[in-house]
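Throughout, a chain's letter reflects where its sequence line sits, starting with A, and its residues are numbered from 1.
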Protein chains: 2
Amino acid sequence: MKTVTMADVAQHANVSKSTVSQYLNKRFDYMGEETKKRIEEAIKELGYRPNILARSLKQKSTTTIGVIVANILHSFSTQVIRAIEDMCHESDFHTIVCNADDDPIKEKKYIEMLRAKQVDGIILLPTGDNKDLYNDMLKEKYPIVFVDRTVPGVNIPSMLLDNEKAAGLGVQHLINKGYKQIGVITNVIRNVTPRMERLNGYKKTLQLNGIPIKEEYIKSLEVSKIKDGLREMLSLENPPEAILAGNDLTLIEILKYVKEKNLSIPADLAIIGIDDVSFASFYEPGLTIVAQPAFEIGNKAAEHLLNKIQKRAIPEERLVYRFEPKLIIRESC
Amino acid sequence: MKTVTMADVAQHANVSKSTVSQYLNKRFDYMGEETKKRIEEAIKELGYRPNILARSLKQKSTTTIGVIVANILHSFSTQVIRAIEDMCHESDFHTIVCNADDDPIKEKKYIEMLRAKQVDGIILLPTGDNKDLYNDMLKEKYPIVFVDRTVPGVNIPSMLLDNEKAAGLGVQHLINKGYKQIGVITNVIRNVTPRMERLNGYKKTLQLNGIPIKEEYIKSLEVSKIKDGLREMLSLENPPEAILAGNDLTLIEILKYVKEKNLSIPADLAIIGIDDVSFASFYEPGLTIVAQPAFEIGNKAAEHLLNKIQKRAIPEERLVYRFEPKLIIRESC
DNA sequence: CTGAAAGCGCTTACAG
DNA sequence: CTGAAAGCGCTTACAG
């Protein structure tokens with residue numbers, strides 16, 4: 001099947017390629033009705049489909065952006081992607097999604113491939129370990145936005161949760177409920193913003209309330225080690241009565257442990273999670289959690305990036321955009 | 001910042017564009033060591049990054065495929081996308097993901113945009129309502145694969161769960177456990193393959209076991225109406241004792257109802273779901289479910305599509321590829 | 001072993 | 001109101 005090109009349409013309609021191009025780009029200012037109709041018909045008859053690649057080459061814009069997440073299987077990533085997609089769709093942009101698996105080498109490869117494909121900008125949940133590359137893009141003024149994390153020493157705008165506040169909200173709620181022995185478990189992915197800030201929020205809130213910080217109550221573990229860590233913590237002679245789960249994956253591991261040991265929530269252990277999870281409302285007991293506005297974050301990231309790409313002014317440009325966590329109280333504490 | 005092109009590299013290295021191109025494409029057969037080194041250095045010094053767009057235009061291949069799902073927020077879609085992405089990554093292909101929201105108009109728009117962008121093939125969770133368009137692509141031999149659904153009258157290869165068997169496994173398990181009054185709830189998205197086949201599986205299995213089919217035990221409802229439907233069903237003078245949830249969303253609604261009414265599973269109501277859900281294992285009681293191999297399905301779809309794109313022979317080509325459901329027994333029935 | 005030239009399918013400034 | 005021509009940044013068949 002020979003592909004139909006603009007030249008074919010032009011010939012068929014007895015006009016020049018230029019005129020067809022004008023038609024396609026809706027520059028009708030000076031086009032005769034007659035010409036318009038002929039072109040329209042030729043397009044229909046030949047089943048012409050424009051090749052956007054060729055246009056992109058000429059116009060130096062692909063109306064496509066890249067999104068690099070750690071793992072599309074995480075609900076936060078999914079929600080961010082969906083928000084970005086919707087936002088882009090309104091502006092007739094497309095998104096290429098990549099999973100870097102929190103691997104700086106994969107991340108670098110993806111950034112290079114995306115740029116080779118001439119995407120107009122990139123939204124990145126950065127691993128944090130390609131600083132030179134990030135800074136190069138910054139220097140070139142290549143449109144790029146970070147999500148979920150900031151990278152020290154890299155002045156790229158970042159959209160992320162007010163993590164300190166999120167952890168603080170959770171801990172304060174526990175304290176208000178009368179708990180004093182409060183543990184926290186996060187899962188370790190290097191020294192990444194959310195984890196560090198959430199731990200800070202935890203510590204600060206305890207201090208504000210005059211509760212001493214016990215290192216035995218704080219654990220950062222790989223997902224597969226979380227249950228062991230929790231067992232250890234609960235075997236202390238003075239174990240925590242309540243626990244803050246640093247994110248959704250941690251919460252799930254904790255709930256698995258709860259089931260295995262047949263613990264009762266909140267009697268044996270009060271629980272509060274960060275990140276909304278699908279089962280929070282109908283789990284028994286309902287889970288109190290601190291939600292982060294993933295859609296808002298994705299929206300803002302896309303909006304910001306599109307503004308940059310289209311060289312529109314960015315209202316109150318900042319380096320870090322913080323989003324408000326929201327405490328949703330149920331029965332788990 | 002002026003972009004560096006191949007011509008710049010050629011000039012800098014004192015060779016022709018052709019030679020640089022050979023170098024980039026690793027056709028070293030006849031290239032002098034000296035030349036090679038000069039080009040390499042020129043590329044480094046100038047910070048040259050090839051423009052794949054230009055190559056794609058010439059080569060008529062973008063090493064990019066499109067994936068159109070109903071909604072990336074569904075875990076099935078997410079898993080399929082991730083599997084496709086991984087598969088593509090191995091072959092240095094990229095994927096553009098689009099959400100059609102089960103809307104045929106959006107679907108059509110996306111297909112056209114993707115083709116305008118010259119993607120080499122498309123993986124589609126079809127709405128089913130663009131038959132002419134599907135058939136056009138088939139006629140042109142454009143590489144395309146369906147996932148999750150088949151479309152009657154459209155001979156495009158489809159990768160999907162053996163839905164009848166999936167529902168059958170679930171119902172048979174309930175029957176083996178001694179249940180005879182078994183209801184089913186699915187959520188309605190037009191007359192789409194999975195729903196129809198699952199209902200068939202439900203009915204056939206009942207019949208095979210000599211259990212009469214009661215229409216009052218069968219409901220297909222929008223997500224927001226599921227709780228109402230369940231209440232109705234359970235208010236029958238002879239209500240079902242067990243219920244099959246047609247998919248993850250339905251299961252979640254049922255569990256919400258269970259919590260609201262403080263029902264006990266399985267004493268008041270036995271439950272079995274189709275689709276693996278994150279909370280199945282630690283929900284109390286553990287949920288018996290029929291899982292579908294989403295990753296395998298995504299893998300196979302990508303493999304098939306890449307084979308077609310690269311004109312490789314397809315081992316035992318078929319029109320419908322069925323994937324095995326797997327019963328995972330826990331405590332909910 | 002390397003280069004000149006044509007061409008991929010568009011857009012756009014300019015001429016008329 | 002419309003067309004001829006140059007150019008976007010590559011690849012490739014061919015010549016030498």
Checklist entry - Partner of dA15(D) by Watson-Crick or G-U wobble geometry, both contacts under 3.5 Å, or none? => result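 The answer is dT2(C), by the H-bond criterion.
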What does [X] touch in the nucleic acid at a heavy-atom separation under 4.0 angstrom: a base, only the sugar-phosphate, or nothing?
{"X": "Lys60(A)", "value": "sugar-phosphate"}
{"X": "Ser56(A)", "value": "nothing"}
{"X": "Tyr48(B)", "value": "sugar-phosphate"}

Item to check | First encountered from the 5' end of DNA chain C, between Gln59(A) and Arg38(B) | outcome: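 Its nearest nucleotide lies further toward 5', so the answer is Arg38(B).
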For [X] and [N], give me the distance from atom [atom1] to atom [atom2], rounded to whole Å.
{"X": "Lys117(A)", "N": "dG9(D)", "atom1": "NZ", "atom2": "C1'", "answer": "17 Å"}
{"X": "Lys58(B)", "N": "dA6(C)", "atom1": "NZ", "atom2": "C1'", "answer": "7 Å"}
{"X": "Leu53(B)", "N": "dT11(D)", "atom1": "CG", "atom2": "C1'", "answer": "14 Å"}
{"X": "Arg55(B)", "N": "dT11(D)", "atom1": "CZ", "atom2": "P", "answer": "5 Å"}
{"X": "Glu33(A)", "N": "dC1(D)", "atom1": "CD", "atom2": "P", "answer": "10 Å"}
{"X": "Met6(A)", "N": "dA4(D)", "atom1": "CE", "atom2": "C1'", "answer": "13 Å"}
{"X": "Asn25(A)", "N": "dT2(D)", "atom1": "CG", "atom2": "P", "answer": "16 Å"}
{"X": "Lys17(B)", "N": "dA5(C)", "atom1": "NZ", "atom2": "C1'", "answer": "9 Å"}

Look at the side-chain N and O atoms of [X] and state whether any lies under 4.0 Å from the OP1 or OP2 oxygen of [N].
{"X": "Thr5(A)", "N": "dG9(C)", "value": "no"}
{"X": "Thr3(B)", "N": "dG9(D)", "value": "yes"}
{"X": "Thr35(A)", "N": "dC1(D)", "value": "no"}
{"X": "Ser18(B)", "N": "dG3(C)", "value": "no"}
{"X": "Thr19(A)", "N": "dG3(D)", "value": "yes"}
{"X": "Asn51(A)", "N": "dC8(C)", "value": "no"}

Distance-only criterion, 3.5 Å: show the donor-acceptor pairs between side-chain atoms of residues 298-306 of chain B and protein atoms not counting sequence neighbours.
{"residue": "Asn299(B)", "atom": "ND2", "partner": "Phe295(B)", "partner atom": "O", "Å": "3.4"}

Checklist entry - Under 30°, 30 to 60°, or over 60°: which ring-plane class applies to His94(A) and Tyr110(B), parallel, tilted or perpendicular? => result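 Geometry flag for Tyr110(B) against His94(A): tilted rings.
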Next on the checklist: Checking the side chain of Ser91(B) only, and the main-chain atoms of Phe93(B) only, is there a donor and an acceptor separated by less than 3.5 Å?
Outcome noted: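 Not confirmed, Ser91(B) side chain does not pair with Phe93(B) backbone.
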Next on the checklist: Any side-chain to backbone donor/acceptor pair from Tyr321(B) onto Ile297(B)? Under 3.5 Å, distance only.
Outcome noted: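 Side chain of Tyr321(B) to backbone of Ile297(B): no pair is present.
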Next on the checklist: Working note: Lys117(A) + Thr64(B), criterion side chain to side chain donor-acceptor pair (under 3.5 Å); need CA distance, chi angles, decisive distance, verdict.
Outcome noted: CA-CA 10 Å; Lys117(A) 288 211 167 167; Thr64(B) 303; 2.4 Å; yes
